[in-house]
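Here the structure comes first, spelled out in C-alpha cells, and everything after it is commentary.
Naming: A, B, ... by sequence-line order, numbering from 1 per chain.
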Amino acid sequence: MAEKKLGTQTVKFKNPPSIIAGGTIVGPKEGEGPLRDYFDMILVDDTYGEKSWEKAESKMFQDAVNLALKKANLKISEIDYLLGGDLLNQIISANFAARQLNVPHFGLYGACSTMTEGLTLGAMLIDGGYADYIIAATSSHFSTAERQFRYPLEQGIQRPFTSQWTVTGAGATILASTGEGPYITHATTGKVVDLGMKDANNMGAAMAPAAADTIITHFKDTGFTIEDYDLIMTGDMGRVGRDILLELLYKEGYDIESKYKDCGIEIFDESQDVHSGGSGAACSAVVLNGWLLSQIQNGVYKKVLFMATGALLSPTSSQQGESIPGIAHAITISTTL
Amino acid sequence: MDYIKAFLMGGLICAIAQILIDKTKLTPARILVTYVTLGAILRGLGVYKKLIDIGGAGATIPLLGFGNSLAQGVIKAVEKDGLIGVFTGGLTATAGGISAAVFFGYIFSLIFNSKTKK
Amino acid sequence: MERDVKKEQEYKNIAQKYEPKPALLKNVVMAFVVGGLISDIGQFFLNFYLSRGYSMQDANTLVSITMVFLGAFLTGIGVYDDIGKFAGAGSIVPITGFANSIVSPAMEFKREGFVFGAAAKMFTIAGPVIVYGVSTSIIIGLIYYFLK
C-alpha cells in the first residue's frame, strides 16, 4: 500500500526534504537579463575556455554542482546520489560532468522538465530513507541545442515569433533529509500529453496541455486551492505557451493568472530579442536556484508550486513528422510544514 | 536601367519565397530545393529565358537561375552531343558555381569558427 | 493514450489564437529589397565581366563564382546570419544564400572532424539542392531528346 500517495499522481512526503542550497551559472546573454543579480556566476564567454560548446556545457553542469556544494558546506563524497540530465543526445553534459564529480549518478532525460524530475525523485529517495543528501542538476546551452535541434549558428535564417531562446546555464539543488526548509512537501508527476502540435518552433503550444493537466491533477490530488499558493511558476512556457495555458486552466475553472509566473518570460527582457521567451533545461534550473530560492529565503513567497515543463521531441521524430509530446512535473515548495 | 530591372526581378523572386516561408512554414532548405527544381522546369518550358532577358542578374542570381542553368546546359548538350548530353550537360554548365561553392565552402570553414548568437 | 482527433482540433484552434503571426508585410518588403540589392551586385559584376570581353555564358559563370565567394566570406566572418535575420528569403534565395548553406554547417561541424564533420555536413542543404536540380534537368533533357 502506497501510504504516501495522494490521488492519482501525487505524493505527500512524510519526511519532507529541505532545499539547503542552490548553485547557478549562466551565459553572457542571461547575465544581461533582469535576473542577473541572482546568479552565482555569469560567463563572459560562452565557450567557458573550452574547445567546444558541449564541453562548456558539461563544465557548467559540474560547476553548478560545485557552487551548490560550497554553499551547503558539503563535500561531494557526502552526497548519496546525483540526479541529472540535459538536452543533448545521450545526456552527455550530465554524464561527462558526473565522470569528473565521482558520485553515484542517475542520468535523467525529461527535456526541459529535468529539474523537477530530479527534485521529485531526489525527494522520494530521501523520504524513502535511501539518502541523506541529494543533488539534482541540469544544464542547457544555446549553441549546443541550436546545432542539435535546429540550424547551424551562421546560417542566415529568421526565427519565428513563436520560437524560444535556449538558456545557456546550469543549476543544481541540494536536498537534505534534515534542515530548516524550504521543504519539498508534495510532488505531482506529469503524464506525457500530446495534442498533435508539430511545430518545433512553437514549444509553448506543444507543452501547454501537459502543463495544464499536471496543475489540474495537482489541485485535485492534494485538495489545495489556488489561494493556498503565493506563486505558481512554470519552467519555459514562454509568452505563447503562457497565454494558452492560462486559457486551458480558465476553461477548467482555475484562474491562476494573478499568481502565475513563467521562468522563460522572467529570465530575459523583451528587448533581448528572444521572441516568445527563454527555454531549455537550464531555464527553470537557474531561475529556481537563483531568483526563486532567494525570494523564498527573503520571505517574499512562502508556498510555491514550481513546475518544469518539457517538450519531448528529437530531431529524428521532427523529421519523421511526429507530433511533439509534452510533460510537466510539479513540486510544492513550502517554508512551513 | 539594367540595375533597376535586376533589382525588381531579384526582389520579386525573393518576395515570393518569403511569402511561401511565412504562409506555409516551408523551411529554407525546402525553399531552395523547390526553387532549383522550379527553375529547371521553367527553363524546360522555355519561360525562364524570357525572365533572364528582362531581369538579367535579377533572374540568374536567385537559385531559380541555378535550376535554369542546369536545364539549359542539358538542352544545349543534347543538341550538340545527343543522348549523352542528358547526363553531361547540367553539371558542365554549372561546374564553375558548384566547384567554387565546394572549394570556398571548405576553405572558409577551415579559417573561421562559428560564433554564438547575441 | 488514444488519439482524440476532435480534442486535437479544438486545441489547435486555441493554440492558433495565441500564435503571433509573422510580420508578413515587413518581411516581404525586406526580402524584396535585400534580394534586389544582391541581384544588383550580381548585375554589377556581370556588366564588369562583359565589359572585359567575356562571353555571356562565361560572364555568368564568373558572376556565380564571385557571388559564391562573397556569400561564403560573409558567412565566415559572421555577417551573413545577421543579414538573414532581417532579410529572410532575400538572403536565402540568391546564390549567396546557397553558399551560406554550405559554409555554415561546415564551420559548425568541423569539431566533429574534417571528414564526417565539415566535409560531410557541408552538403546538408546543398546536397538536396544538387540532387533535385540535376535530376530535374536530366528528366527535362530526356524529354527534350525524345521530343526534338
Side-chain touch B/Ile21/C/Ile92, heavy atoms, less than 4.5 angstrom: yes

Given heavy-atom pairs under 4.5 angstrom as the criterion, report whether the side chain, backbone, both or neither of C/Ala118 touches chain B. side chain

Residue from C/Gly90, C/Ala72, C/Ala106 scoring the most non-hydrogen pairs under 4.5 Å with chain B is C/Ala72

B/Lys5, part contacting chain C, at a heavy-atom distance under 4.5 Å: neither

Quick check for you: among C/Ser137, C/Gly88, C/Gly97, which has the greatest number of heavy-atom pairs under 4.5 Å with chain B? C/Ser137

Interchain contact, B/Tyr106 with chain C, by part (heavy-atom threshold 4.5 Å): both

Which atoms of C/Ala87 approach chain B - backbone, side chain, both or neither, heavy atom under 4.5 Å: backbone

B/Asn113 versus C/Lys110: any side-chain heavy-atom pair under 4.5 Å? yes

Would you say B/Gln18's side chain and C/Ala31's backbone share a donor-acceptor pair under 3.5 angstrom? no

Pick out which of B/Val78, B/Leu70, B/Ile75 makes a side-chain contact (heavy atoms from CB on, under 4.5 Å) with C/Ile140. B/Ile75

For B/Leu32, is it the side chain, the backbone, both, or neither that has a heavy atom closer than 4.5 Å to a heavy atom of chain C? both

Of the backbone (N, CA, C, O) and the side chain (C-beta and beyond), which part of C/Ile102 lies under 4.5 Å from a heavy atom of chain B, both, or neither? side chain

Heavy-atom check, side chain of C/Ser101 versus side chain of B/Pro28, under 4.5 Å: no

If one checks every heavy atom of B/Val86 against chain C at 4.5 Å, the contacting part turns out to be both

Contacting moiety of C/Pro94, where chain B heavy atoms sit under 4.5 Å: both

Contact origin within B/Leu12 toward chain C - heavy atom pairs under 4.5 Å: both

Compute the ring centroids of C/Phe69 and B/Phe108, then answer whether they are less than 6.0 Å apart. yes

Between B/Thr37 and chain C, which part of the residue has a heavy atom less than 4.5 Å away: side chain, backbone, both or neither? both

Write down the atom of C/Met122, the atom of B/Val102, and the distance for their closest heavy-atom approach. CE-O, 3.2 Å

Identify which part of B/Ile41 has an atom lying under 4.5 Å from any heavy atom of chain C, answering side chain, backbone, both or neither. both

For B/Leu64, which atoms come within 4.5 Å of any heavy atom of chain C: side chain, backbone, both, or neither? neither

Which side-chain N or O atoms in residues 38-45 of chain C pair as donor and acceptor under 3.5 Å with protein atoms at least two apart or in another chain?
{"from": "C/Ser39", "atom 1": "OG", "to": "C/Gly35", "atom 2": "O", "distance (Å)": "2.9"}
{"from": "C/Asp40", "atom 1": "OD1", "to": "B/Phe7", "atom 2": "N", "distance (Å)": "3.4"}
{"from": "C/Gln43", "atom 1": "OE1", "to": "B/Ala57", "atom 2": "N", "distance (Å)": "2.8"}
{"from": "C/Gln43", "atom 1": "NE2", "to": "C/Asn47", "atom 2": "OD1", "distance (Å)": "3.2"}

Flag the pair C/Tyr144 / B/Glu79 as yes when at least one side-chain heavy-atom distance between them is below 4.5 Å, and no otherwise. yes

Going by side-chain hydrogen bond (donor to acceptor under 3.5 Å, both in side chains), name the residues that satisfy it together with C/Lys85, two or more places apart in sequence or in a different chain. A/Asp273

Taking side chain as everything from C-beta outward and backbone as N, CA, C, O, which of these in C/Val28 sits under 4.5 Å from a heavy atom of chain B? Side chain, backbone, both or neither. both

Are C/Phe114 and B/Leu110 side-chain neighbours, meaning at least one heavy-atom pair lies under 4.5 Å? yes

Quick one: what part of B/Gln72 sits under 4.5 Å from any heavy atom of chain C, side chain, backbone, both or neither? neither

Measuring heavy-atom distances to chain C, does B/Leu8 have an atom under 4.5 Å in its side chain, in its backbone, in both, or in neither? both

The test is side chain to side chain contact (heavy atoms under 4.5 Å, CB included); show your working for B/Lys23 and C/Lys21 and say whether it passes. CA-CA 9 Å; B/Lys23 284 284 178 192; C/Lys21 297 284 166 284; over 6 Å; no

Do the side chains of C/Met67 and B/Ile61 get nearer than 4.5 Å, heavy atoms only? yes

Side chain, backbone, both or neither: which part of B/Tyr35 has a heavy atom under 4.5 Å from chain C? side chain

Go through the atoms of C/Phe109 and report whether side chain, backbone, both or neither lie under 4.5 Å from a heavy atom of chain B. neither

